[in-house]
Amino acid sequence: MHHYLVTPSSYRYICTRIGLRKKSLITPEQYNRLLNMELSQLLRFIGESGYDEEVHTLSSAFSEIERIEQALTRNLANTYRNILSIAPGALHEMAERYFTRYDIENIMLILRGCQFQIPPERIRAVLIPAGVLTPAQLDHLLILRTIREISEHLSSWPYAGVVSRVISEGYRRGLFASLENELYLQYYENLIADARFGIRGGDVILPHLRFEIDIQNIRNVFRLRAGSRMADITPYMIPGGYLTPEDFQRLYTVSDREAFVSELSRAGIISILTEALRNLRCDASICETDAADVVWRRWAARKTPLYTVMLAVNTMLLHHLDGLARRHPFSVLPIISYMEHKRYEVANLRAIARGKQFGVSPDFIRQHLVM
């Protein structure tokens with residue numbers, strides 16, 4: 001139920017509130033201080049910030065790391081549902097459709113965990129409860145014993161038909177990769193259609209979606225090259241980005257360094273990776289040749305890009321979204337921008353907590369943060 005009448009003033013009101021919330025998120029300077037804290041100090045910091053309610057309602061019988069993990073998870077779910085409860089009309093619809101992606105991530109984690117008998121508590125620790133499936137629904141799925149049972153209990157989820165169709169014959173090698181691909185293809189197809197024709201004002205999100213699709217396809221083409229020898233990868237490329245599936249097919253077949261760099265440059269990928277490396281290494285002198293060398297070595301060895309480089313690309317994607325939100329301050333973009341920052345804040349705090357738990361150096365943890 002929406003609490004506000006859908007008027008231009010209600011759009012301004014919710015977007016202004018979102019802007020104020022965004023200003024309260026943890027800053028890079030605060031992260032630097034958190035990296036030098038002990039686990040107990042980190043828990044105290046979280047309990048004195050925006051996570052205080054969740055921390056203080058958890059039993060002291062939990063360990064410090066358990067209290068941090070559970071407080072972060074509960075807070076993210078509460079934040080998501082609170083934002084949707086106050087978002088009016090089309091803002092609510094578009095945000096809800098966009099954040100269905102986290103349902104996909106969660107469902108894939110639960111299915112894989114079930115198939116390979118991973119303890120539910122380990123799966124729960126990495127779920128992102130920021131989609132339309134509630135934490136209670138996710139908890140129920142975690143206790144089911146087979147992937148078929150999980151599929152049957154997803155009947156009300158918008159993408160249940162895709163899950164049911166793909167796993168109808170039971171588990172087989174490559175099942176989860178195929179399912180994940182089918183889910184994301186359907187997700188982006190639906191989201192682009194909603195943005196263009198289905199939801200009023202949804203078209204403002206299209207530039208971000210197109211850039212996001214390109215980034216997803218860059219990841220996919222490297223993963224496919226690292227893990228397979230297929231001739232045609234276009235069925236695994238998501239249409240709708242600035243680059244076409246055929247662009248990535250050409251890149252996939254390249255094995256000569258000069259042709260590889262030329263193809264990356266022509267597609268605009270090399271400039272994305274160059275900026276990501278500059279940000280990651282805090283070195284403005286890194287040029288496209290340097291980036292090309294780093295990426296070519298991984299490509300020639302049939303390895304995926306460095307994880308830290310892809311995290312830096314995620315930071316770029318986040319900043320791209322921020323820029324669009326500033327240009328369209330009374331649209332769905334500020335809501336999506338805030339929630340993406342919130343999700344990464346939770347992921348960063350989890351990374352810091354786990355790093356502290358296992359004695360990882362602050363410099364190494366910093367490389368795995370998205371800011």
Side-chain angles (χ1 to χ4, degrees), residues 1-4 14 17-27 30-31 33-87 92 95-96 99-100 102-103 105-107 109-110 113 118-144 153 335-336 338-358 365 369-370:
M1 180 71 70
H2 307 316
H3 302 313
Y4 299 101
I14 180 62
R17 283 189 63 180
I18 292 297
L20 292 173
R21 289 192 182 199
K22 192 173 179 181
K23 289 180 180 178
S24 69
L25 294 173
I26 296 173
T27 65
Q30 288 176 309
Y31 279 124
R33 293 201 298 272
L34 293 175
L35 285 166
N36 293 303
M37 289 183 181
E38 299 297 328
L39 202 57
S40 59
Q41 295 173 309
L42 178 62
L43 176 60
R44 189 179 310 118
F45 173 88
I46 292 173
E48 293 172 352
S49 59
Y51 302 85
D52 52 317
E53 181 178 345
E54 288 79 13
V55 169
H56 295 146
T57 56
L58 286 168
S59 168
S60 58
F62 289 115
S63 67
E64 289 174 339
I65 189 66
E66 288 173 332
R67 292 181 72 189
I68 291 172
E69 291 273 9
Q70 291 204 32
L72 294 176
T73 298
R74 291 183 187 185
N75 182 271
L76 183 61
N78 291 339
T79 300
Y80 170 80
R81 308 211 178 279
N82 177 258
I83 293 297
L84 283 189
S85 73
I86 63 176
H92 176 103
E96 186 175 63
F99 289 114
T100 304
Y102 300 119
D103 289 330
E105 288 187 27
N106 292 333
I107 293 303
L109 285 167
I110 291 171
I118 298 172
E121 59 273 16
R122 287 182 57 191
I123 305 170
R124 185 182 292 108
V126 294
L127 297 180
I128 304 172
V132 299
L133 294 174
T134 66
Q137 288 174 306
L138 295 174
D139 277 342
H140 181 68
L141 294 175
L142 283 169
I143 67 174
L144 301 177
H153 281 78
I335 294 177
I336 292 175
Y338 167 71
M339 283 303 300
E340 287 291 86
H341 276 276
K342 179 69 177 180
R343 177 175 74 91
Y344 279 118
E345 178 179 277
V346 167
N348 289 341
L349 290 171
R350 279 179 167 176
I352 293 172
R354 290 170 184 163
K356 294 297 177 184
Q357 181 187 19
F358 294 107
I365 298 172
L369 304 184
V370 175

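Atom-to-atom distance recorded for Leu42:CG and Asn36:CG is 12.0 Å, nearest 0.5 angstrom. Put simply, CD1 on Ile83 and CD1 on Ile18 are 3.0 Å apart, with the number rounded to the nearest 0.5 Å. Ile46 contributes atom CD1, which lies 5.0 Å from atom CG of Leu349 (distance to the nearest 0.5 angstrom). Here the straight-line distance linking atom CG of Leu144 with atom CD1 of Ile110 works out to 9.0 Å at 0.5 Å rounding. The line from CD of Gln30 to CZ of Phe45 is 4.5 Å long, rounded to the nearest 0.5 Å. To the nearest 0.5 Å, atoms CD1 (Ile118) and CG (Leu109) are separated by 8.5 Å.
Of all heavy-atom pairs between Gly47 and Asp52, the closest is O-CB, 2.9 Å. The two residues Asp103 and Gly131 come nearest to each other via the heavy atoms OD1-CA, 3.4 Å. The shortest non-hydrogen separation linking Leu72 to Tyr51 is CD2-CE2, 3.6 Å. Across Pro129 and Thr73, no two heavy atoms sit closer than the pair CG-O, 3.4 Å. Taking every heavy atom of both residues into account, Ile336 and Phe99 meet most closely at CA-CZ, 3.9 Å. The shortest heavy-atom contact between Gly113 and Ile123 is CA-CD1, 3.5 Å.
For the pair Leu141 and Asn106, the minimum side-chain heavy-atom distance is 4.5 Å or more. Using a 4.5 Å heavy-atom threshold, the side chains of Ile107 and Leu133 count as touching. Ile365 is listed as a side-chain neighbour of Leu369, based on a closest heavy-atom distance under 4.5 Å.
Summarising the local packing, CD of Gln41 is surrounded by more than 12 heavy atoms from other residues, nucleotides or ligands at distances under 6.0 Å. Within a 6.0 Å radius of CD in Glu121, other residues, nucleotides and ligands contribute more than 12 heavy atoms.
The side chain to side chain donor-acceptor pair (under 3.5 Å) search around Tyr80 returns none, not counting sequence neighbours. Scored by the salt bridge (charged side-chain N to carboxylate O under 4.0 Å, His left out) test, Arg350 finds Glu69 as partners (sequence neighbours excluded).
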message: Go through it in stages, so that I can follow the logic: the residues are Asn82 and Arg21, the test is side-chain contact (heavy atoms from CB on, under 4.5 Å), and I'd like the CA-CA distance, side-chain angles, deciding distance and then a yes or no.
response: CA-CA 12 Å; Asn82 177 258; Arg21 289 192 182 199; 2.4 Å; yes

- request: Carefully, step by step, assess Leu34 and Ile26 under the rule side-chain contact (heavy atoms from CB on, under 4.5 Å).
  value: CA-CA 10 Å; Leu34 293 175; Ile26 296 173; 4.3 Å; yes

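Glu96 places no side-chain N or O within 3.5 Å of a backbone atom of Leu84 that could act as its donor or acceptor partner. Panel note: side chain Asn78, backbone Arg74; a donor-acceptor pair is recorded below 3.5 Å. For Lys356 (side chain) and Leu35 (main-chain N/O), a donor-acceptor pair under 3.5 Å exists by modelled atom type.
A salt bridge does not link Glu64 with Arg67: none of the charged nitrogens is closer than 4.0 Å to a carboxylate oxygen. For Glu340 and Arg343, the salt-bridge test passes: some basic side-chain N is under 4.0 Å from an acidic carboxylate O.
The only option from Lys342, Glu53, Gln70 that meets the side-chain hydrogen bond (donor to acceptor under 3.5 Å, both in side chains) definition with Asn75 turns out to be Lys342.
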